*Asks:* 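Could you have a look at this structure, given as structure tokens, before my questions?
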Amino acid sequence: MRFSTSFFPTLKEIPADATIPSHQLMLRAGLIRPLAAGIYSFLPLGYRAIKKAMTIIREEMDAIGGQEFHLPALNPIEVWEETDRLKAFGDTIFRLQNRPLVLAPTHEEVICFIARNEVRSYKNLPQIWYQIQTKFRNEARPRSGVLRGREFTMKDSYSLDATWEGLDHAYNLHAEAYKKIYSRSGLKFFIVGASSGAMGGTGSQEFMVESVAGEDTCVLCDHCGYAANLEVASSRMPPVSQAEGGKELEEIHTPNIRTIDQLAAFLSVSTERLAKSLVYRHNSKPVLILMAGNDQLNETKLQSALGGTVEPFSPTDLAQFTGADAGSIGPIGLQGFKVFADLRLKGAKNMISGANRNDYHLGNIDIERDVDVEAFIDVRTVNASEPCPDCAASLRIAQAIEVGHIFKLGTKYSDSMGATFLDETGSERPIIMGSYGIGVERIIAAHIEQHHDESGISWDPVLAPFEVHLIVVNTDNPELLGYSDRLYGDLVAAGLEVIYDDRTGVSPGFKFNDADLLGMPLQVIIGGKHFSAGNVELKVRRSGLRRVVAQSTVVGEVKKLLAELAAA
RNA sequence: CGGGGCGUGGCUCAGCCCGGUUAGAGCGCCUGGUUCGGGACCAGGAGGUCGGCGGUUCAAAUCCGCCCGCCCCGACCA
């Protein structure tokens with residue numbers, strides 16, 4: 001493409017609304033333009049990158065036997081009521097005002113609708129169906145450019161199986177395909193065990209790209225490779241004080257003590273001797289959660305451990321129920337609460353906790369002896385440098401972008417929608433499903449987060465909108481311009497994707513900076529400096545490496561360098 | 001949805017507290033000329049209902065109210 005006749009609107013200044021590098025660079029390099037909050041137009045350059053990512057995804061999905069569908073974005077409300085997800089999605093689902101339709105935020109329902117009408121027998125299974133399409137979610141707060149939008153492109157695939165072994169197989173096929181997709185996309189990624197949340201099902205994993213711009217927090221072990229979303233992560237933290245048991249409970253006056261740190265200072269004991277009480281409603285009934293010292297409760301882990309609905313207790317309800325303020329709640333003598341304790345408190349003795357009376361605490365608590373604990377559960381939030389649960393090495397905590405998520409759904413959707421088949425014995429059984437998503441824009445944004453510098457984007461050849469950025473330094477020199485025009489034709493004829501900066505009246509520095517901003521992997525520079533000697537300059541964007549080659553060998557050298565870059 | 005910030009030519013911003021010339025700057029854009037290896041220079045020029053509505057005032061970009069939009073933090077995130 002000739003720059004002079006194309007629409008590549010670059011920006012010299014950083015748009016005020018963008019705060020993360022990928023968002024700033026996608027705007028500055030003319031990949032996207034905002035239309036409204038969380039809604040972006042993809043411009044020619046950006047769409048070329050998107051199409052490259054989609055091609056990689058398509059190839060790998062086809063390789064595991066996936067069949068591509070094109071599904072309706074408009075769905076009748078009824079199918080969403082059948083699975084009860086209209087309620088589950090709540091305000092996140094877009095609803096039309098003048099028809100009983102919704103804009104699909106995902107497509108399990110449509111897939112089940114097709115399957116229940118068409119899949120009759122185990123002989124029709126297994127199937128892998130996928131789509132790469134726009135999905136719509138009324139995100140409460142769109143953010144970070146294209147990373148969380150209200151309208152976005154998603155590859156979703158759905159596996160349909162007759163057996164649980166079949167589901168495992170389909171799930172593993174997807175995990176392997178995803179590894180190839182992200183590797184080919186030039187992303188350094190890792191896989192974490194994840195919470196399946198309201199999606200339901202028996203297991204899920206997320207594909208993560210480490211980035212400070214990410215919304216997810218992950219716990220990583222660089223020694224053995226343990227990796228988990230903070231929502232499910234655990235560590236090998238030792239239990240708290242087990243010694244010095246046997247003493248009588250005693251009431252301790254603790255005037256105006258509000259926090260664990262204040263209490264520890266006031267009593268001159270370690271925070272580990274203290275048991276913190278938190279109160280929640282579990283399926284509407286009050287529960288008290290005991291945590292060791294300053295350990296932070298993780299609400300997602302609590303939710304998974306207890307099941308059902310878990311919601312926080314309001315401070316006013318609390319005083320009413322317990323007769324004490326939050327700082328003085330404790331597990332002993334509290335009426336109407338079931339008590340759960342974090343695993344670290346198992347066997348704990350000589351502990352101090354609230355006395356359910358303002359300004360008083362109880363000492364010498366032996367958890368097993370004095371507290372009626374319903375169950376010991378792992379609900380604490382892992383902190384950096386705690387020991388890895390698998391190998392005890394020091395854990396690291398990192399922010400990450402979720403670029404993919406795979407779920408074993410089981411029969412949740414096929415049950416509620418009546419998507420069944422007849423097995424070998426003639427009995428009717430629900431189809432066993434899995435679903436597997438990839439955020440296409442997130443691949444691009446994550447790639448830019450991982451591959452940029454002060455000057456701009458630095459694409460891997462596979463995702464780059466163009467492979468070669470050809471620059472003619474001075475268009476007023478007819479000889480130079482003529483040669484550049486011919487070289488452009490030769491490169492294109494050789495099957496290369498070339499962007500050719502043939503603009504007149506644009507200074508060399510401007511062209512160089514635009515080329516670095518756009519970030520095509522290889523720059524070919526035609527300027528007087530080398531031209532008069534019969535040479536052409538090649539510059540590798542990422543490394544800055546420059547190579548001067550003879551005009552007669554340019555096309556071959558370009559291909560060779562690109563091959564090297566692609567292999568790197 | 002709660003908290004905070006912002007809204008002035010295409011972009012980045014100043015002016016607003018303390019109301020009062022014709023609303024400014026840099027960049028970009030148009031015309032002519034010069035220049036041509038790291039965001040050039042000279043000359044001339046176009047472009048703004050100061051987010052919207054209402055109010056106060058002799059007078060509002062500026063003060064007050066309501067609304068809209070965008071960004072950030074939090075809640076939320078199949």
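Chain naming here is simple, since letters A, B, ... match the order of the sequence lines and numbering starts at 1 in each. Being a predicted model, the structure only gives us computed values, none of them experimental.
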*Asks:* What's the gap between B:C63 and B:U56 when it is taken at their C1' atoms, as a whole Å value?
*Replies:* 8 Å
*Asks:* Quick one: label A:Ala37 by what it contacts on the DNA or RNA (base, sugar-phosphate, nothing), any heavy atom closer than 4.0 Å.
*Replies:* sugar-phosphate
*Asks:* Within the supplied structure, the quantity of interest is the number of heavy atoms (other residues, nucleotides, ligands) at a distance under 6.0 Å from A:Arg95 CZ; does it exceed 12?
*Replies:* no
*Asks:* Go through the N and O atoms of the side chain of A:Arg137 and the base of B:C77, and report whether any donor-acceptor pair is under 3.5 Å.
*Replies:* no
*Asks:* Taking CD in A:Gln296 as the centre, count heavy atoms belonging to other residues, nucleotides or ligands within less than 6.0 Å. Is the count above 12?
*Replies:* no
*Asks:* Contact between A:Asp156 and A:Leu71 at the side-chain level, heavy atoms closer than 4.5 Å - yes or no?
*Replies:* no
*Asks:* Please tell me which of the listed nucleotides, B:A78, B:A40, B:G37, lies nearest to the side chain of A:Glu537?
*Replies:* B:G37
*Asks:* Is it true that A:His23 and A:Tyr40 have ring centroids separated by less than 6.0 Å?
*Replies:* yes
*Asks:* Say you pick atom P in B:C6 and the same atom in B:A14; how far apart are they, in whole Å?
*Replies:* 10 Å
*Asks:* Given B:C76, B:G38, B:C27, identify the nucleotide with an atom nearest to the side chain of A:Ala140.
*Replies:* B:C76
*Asks:* Rounded to the nearest 0.5 Å, what separates atom CG in A:Asn535 from atom CD1 in A:Ile525?
*Replies:* 13.0 Å
*Asks:* Expressed in whole Å, how much space separates the P atoms belonging to B:C18 and B:A75?
*Replies:* 38 Å
*Asks:* Can you confirm whether A:Thr475 sits close enough to A:Asp502 that some side-chain heavy atom of one is under 4.5 Å from a side-chain heavy atom of the other?
*Replies:* no
*Asks:* If the P atom of B:C72 is compared with that of B:C13, how far apart are they to the nearest Å?
*Replies:* 14 Å
*Asks:* Quickly work out the A:Asn474 CG to B:U35 P distance and round it to whole Å.
*Replies:* 11 Å
*Asks:* Which one is paired to B:C58, where only Watson-Crick or G-U wobble pairs with both distances under 3.5 angstrom count?
*Replies:* B:G20
*Asks:* Side-chain donor or acceptor of A:Asp516 under 3.5 Å from a matching atom on the base of B:G38?
*Replies:* yes
*Asks:* Can you identify which nucleotide, out of B:G37, B:A78, B:C72, has its nearest atom closest to the A:Thr106 side chain?
*Replies:* B:A78
*Asks:* Does A:Glu557 reach the side chain of A:Val536, with side-chain heavy atoms less than 4.5 Å apart?
*Replies:* no
*Asks:* For B:G2, which nucleotide is its Watson-Crick or G-U wobble mate, given both distances must be under 3.5 Å?
*Replies:* B:C73
*Asks:* Just the rounded figure in Å: distance from C1' of B:C70 to OH of A:Tyr40.
*Replies:* 10 Å
*Asks:* Looking at every strand, decide which applies to A:Asp514 at a 4.0 Å heavy-atom threshold: base, sugar-phosphate, or nothing.
*Replies:* base
*Asks:* Under a 3.5 Å cut-off for both distances, is B:C50 Watson-Crick or wobble paired, and to whom?
*Replies:* none
*Asks:* Of A:Ala18 and A:Pro105, whose closest RNA chain B nucleotide lies nearer the 5' terminus?
*Replies:* A:Ala18
*Asks:* Below 3.5 Å between N/O atoms, which protein atoms pair up with nucleotides 50-53 of chain B? Just atom names and distances, please.
*Replies:*
none

*Asks:* For a 4.5 angstrom cut-off between non-hydrogen side-chain atoms, does A:Phe512 reach A:Lys539?
*Replies:* no
*Asks:* Sort out the partner of B:A25 for me: Watson-Crick or G-U wobble, both distances under 3.5 Å, none otherwise.
*Replies:* B:U12
*Asks:* For the residue pair A:Arg85 and A:Tyr413, establish whether any side-chain heavy-atom pair is separated by less than 4.5 Å.
*Replies:* yes
*Asks:* Watson-Crick or G-U wobble partner for B:G7, using a 3.5 Å limit on both distances?
*Replies:* B:C68
*Asks:* Report yes if at least one side-chain N or O of A:Arg141 is closer than 4.0 Å to OP1 or OP2 of B:C77; otherwise report no.
*Replies:* no
*Asks:* Using a 4.0 Å heavy-atom cut-off, does A:Gly505 contact any base of the nucleic acid, only the sugar-phosphate backbone, or nothing at all?
*Replies:* nothing
*Asks:* Let me know the distance between CD of A:Glu299 and P of B:C77, rounded to the nearest Å.
*Replies:* 11 Å
*Asks:* Heavy atoms under 4.0 Å, any strand shown: does A:Ala36 hit a base, just sugar-phosphate, or nothing?
*Replies:* sugar-phosphate
*Asks:* For residues A:Ser211 and A:Glu449, report the shortest heavy-atom separation together with the two atoms involved.
*Replies:* OG-OE1, 3.8 Å
*Asks:* Taking any heavy-atom pair under 4.0 Å as a contact, classify A:Lys135: base, sugar-phosphate, or nothing.
*Replies:* nothing
*Asks:* Looking only at side-chain atoms of A:Arg143, point me to the closest of B:G37, B:A78, B:A75.
*Replies:* B:A75
*Asks:* Name the pairing partner of B:C41, where a pair is Watson-Crick or G-U wobble with both distances under 3.5 Å, or state none.
*Replies:* B:G33
*Asks:* What nucleic acid atoms does A:Thr504 come within less than 4.0 Å of, heavy atoms only: base, sugar-phosphate, or nothing?
*Replies:* nothing
*Asks:* Using the C1' atom as the point on both nucleotides, what is the distance between B:U22 and B:C11, in whole Å?
*Replies:* 25 Å
*Asks:* Answer whether the closest heavy-atom distance between the side chains of A:Val146 and A:Phe42 falls below 4.5 Å.
*Replies:* yes
*Asks:* Round to the nearest Å and state the distance from A:Gln24 atom CD to B:C71 atom P.
*Replies:* 14 Å
*Asks:* Can you measure A:Leu35 atom CG to B:C70 atom P for me and round it to whole angstrom units?
*Replies:* 10 Å
*Asks:* What nucleotide among B:G39, B:C77, B:C72 has an atom nearest to a side-chain atom of A:Thr19?
*Replies:* B:C72
*Asks:* By nearest nucleotide on RNA chain B, pick out whichever of A:Ile525 and A:Arg148 is the more 5' one.
*Replies:* A:Ile525
*Asks:* Which whole-number value in Å describes the distance from A:Asn138 CG to B:A78 C1'?
*Replies:* 14 Å
*Asks:* Tell me what A:Arg28 touches on the nucleic acid: a base, only sugar-phosphate, or nothing, going by heavy atoms under 4.0 Å.
*Replies:* base
*Asks:* Roughly how many Å is it from CG in A:Leu230 to C1' in B:C77, rounded to a whole number?
*Replies:* 15 Å
*Asks:* To the nearest 0.5 Å, what is the distance between NE2 on A:His452 and CG on A:Leu517?
*Replies:* 12.0 Å
*Asks:* Between B:A25 and B:G32, how far apart are the two C1' atoms, rounded to whole Å?
*Replies:* 25 Å
*Asks:* When rounded to the nearest Å, what value does the distance between C1' atoms of B:G7 and B:G52 take?
*Replies:* 11 Å
*Asks:* Sort me out a list of protein N/O and nucleotides 7-14 of chain B N/O pairs below 3.5 Å, or just none if empty.
*Replies:*
unit_1, atom_1, unit_2, atom_2, d
B:C11, O2, A:Glu13, OE2, 3.1
B:U12, OP1, A:Ala16, N, 2.9
B:U12, O4', A:Glu13, OE1, 3.4

*Asks:* Quiz question: going by heavy-atom distance under 3.5 Å, is there a donor-acceptor pair between the base of B:G38 and the side chain of A:Arg546?
*Replies:* yes
*Asks:* Quantified in whole Å, what is the P atom distance between nucleotide B:C41 and nucleotide B:G26?
*Replies:* 12 Å
*Asks:* Taking the six-membered ring where the residue is Trp, are the ring centres of A:Phe407 and A:His405 under 6.0 Å apart?
*Replies:* yes
*Asks:* To the nearest angstrom, how far is A:Phe136 atom CZ from B:C77 atom C1'?
*Replies:* 18 Å
